[in-house]
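Predicted model, so just to flag it, every value in this text is computed and none were measured. Note on naming: letters A, B, ... go to the chains in the order of the sequence lines (proteins, then strands), and numbering restarts at 1 for each one.
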There are 2 protein chains.
Amino acid sequence: MANKEDMRRQVDSSRFTQQARVLRVLAHQSRLMIVDRLSRGECSVGDLHELVGGDLSTVSKHLALLRAHGVVEDRRERTTVYYRLLTPCVCNLFTCVTQVLKERGR
Amino acid sequence: MANKEDMRRQVDSSRFTQQARVLRVLAHQSRLMIVDRLSRGECSVGDLHELVGGDLSTVSKHLALLRAHGVVEDRRERTTVYYRLLTPCVCNLFTCVTQVLKERGR
DNA sequence: TTCTTTATTGGCCATATTGTCAGATAGCGA
DNA sequence: TCGCTATCTGACAATATGGCCAATAAAGAA
């Protein structure tokens, strides 16, 4: 273990900390768009870039984050990298959030 | 509408932006603890403070954030303020996140 | 009114997150 | 090898978030 920072980040693996980590990774417009799209099938970085816009490197970083947290997986084919969802159940999560939004609306 | 900042924040109300906002509010250890506790019934700020620790003012700010996003509601009785969950369905969300964590584990 | 309890707000600093640009890197074909 | 396409990484600036302390507010009791 390298330093104090790593300690602080890794040691606390309480239920809530873990949940918060996953939620943080998903709590971003672009990443939600990406996950939503991937839930309908594998996509290349280029496709996703076209989907969310902005700089390609930004998209790449969002993907790296999702990958680092085990939400997606990548596969290279020639010069193209394809991403796919590792946790299809995040779709239920979308449903839940939508429910919260509705419930809140009243 | 006051200024450009407000514009930028409010104008974009796409499905994903709204979802991301809700997720961001929940994506914090202390706030998850608070919501979890409130899902089992109304609590005073003091109770919640005892639960999550740290500074009372920090807890109060977490509550203010949850309130601003319509997740909780408060009620004052004498000098004590009680909070309660407005969106019980966030519990399903907990279940979903747990599922993602499990699915990811393999 | 003044004091006490309970909670909120403002100021400030440290850290985290996001986005952009420029420069690597990987794979492959000429 | 060189060049091309597709993607990633590093450095950096801008903004957002989280936490603590001190000051303030709200409600009621003395």
(message) Mind checking if H49(B) touches a base, just sugar-phosphate, or nothing, with heavy atoms under 4.0 Å?
(response)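 The residue H49(B) makes no contact with any strand.
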
(message) The criterion is side chain to side chain contact (heavy atoms under 4.5 Å, CB included); which residues satisfy it with R67(B), sequence neighbours excluded?
(response) A64(B), V72(B), D74(B), Y83(B)

(message) Going by the rule side chain to side chain contact (heavy atoms under 4.5 Å, CB included), which residues pair with T79(A) if we only count those two or more places apart in sequence or in a different chain?
(response) none

(message) If you compare every side-chain N and O of H62(B) against the phosphate oxygens of dT17(D) (OP1, OP2), does one of them come in below 4.0 Å?
(response) no

(message) Does a side-chain N or O of H28(B) approach OP1 or OP2 of dG19(D) to a distance below 4.0 Å, or not?
(response) yes

(request) Report the residues that fulfil side chain to side chain donor-acceptor pair (under 3.5 Å) with S44(B), sequence neighbours left out, ordered by chain and then residue number. (result)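 Listed in chain order: D47(B).
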
What is the distance, rounded to the nearest whole Å, between atom [atom1] of [X] and atom [atom2] of [N]?
| X | N | atom1 | atom2 | value |
| --- | --- | --- | --- | --- |
| E77(A) | dA26(C) | CD | C1' | 15 Å |
| L32(A) | dT18(C) | CG | C1' | 15 Å |
| R78(A) | dT25(C) | CZ | P | 24 Å |
| L66(B) | dG18(D) | CG | P | 11 Å |
| L26(B) | dG18(D) | CG | P | 12 Å |
| Q29(A) | dT17(C) | CD | P | 18 Å |
| D55(A) | dC12(D) | CG | C1' | 14 Å |

(message) Working to the nearest 0.5 angstrom, can you tell me the gap between L32(B) CG and R37(B) CZ?
(response) 14.5 Å

Per-pair distances, 0.1 Å, donor-acceptor, side chain in residues 51-61 of chain A, under 3.5 Å, sequence neighbours excluded:
{"residue": "D55(A)", "atom": "OD1", "partner": "S57(A)", "partner atom": "N", "Å": "2.9"}
{"residue": "D55(A)", "atom": "OD1", "partner": "S57(A)", "partner atom": "OG", "Å": "3.0"}

Under 3.5 Å between N/O atoms: give me all the protein pairs with nucleotides 6-8 of chain D, atom names plus distance.
{"residue": "dA6(D)", "atom": "O4'", "partner": "T79(A)", "partner atom": "O", "Å": "3.4"}
{"residue": "dA6(D)", "atom": "O3'", "partner": "T79(A)", "partner atom": "O", "Å": "3.4"}
{"residue": "dT7(D)", "atom": "OP1", "partner": "V45(A)", "partner atom": "N", "Å": "3.3"}
{"residue": "dT7(D)", "atom": "OP1", "partner": "V81(A)", "partner atom": "N", "Å": "3.4"}
{"residue": "dT7(D)", "atom": "OP2", "partner": "G46(A)", "partner atom": "N", "Å": "3.2"}
{"residue": "dC8(D)", "atom": "OP1", "partner": "Y83(A)", "partner atom": "OH", "Å": "2.7"}
{"residue": "dC8(D)", "atom": "OP2", "partner": "S60(A)", "partner atom": "OG", "Å": "2.8"}
{"residue": "dC8(D)", "atom": "O5'", "partner": "S60(A)", "partner atom": "OG", "Å": "3.3"}

(request) Name all pairs fulfilling the salt bridge (charged side-chain N to carboxylate O under 4.0 Å, His left out) condition that reach into residues 77-93 of chain B, sequence neighbours left out, sorted by first residue then second. (result)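 As it turns out, the salt bridge (charged side-chain N to carboxylate O under 4.0 Å, His left out) pairs with a partner in residues 77-93 of chain B, which skip direct neighbours, are E73(B)-R84(B), R75(B)-E77(B).
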
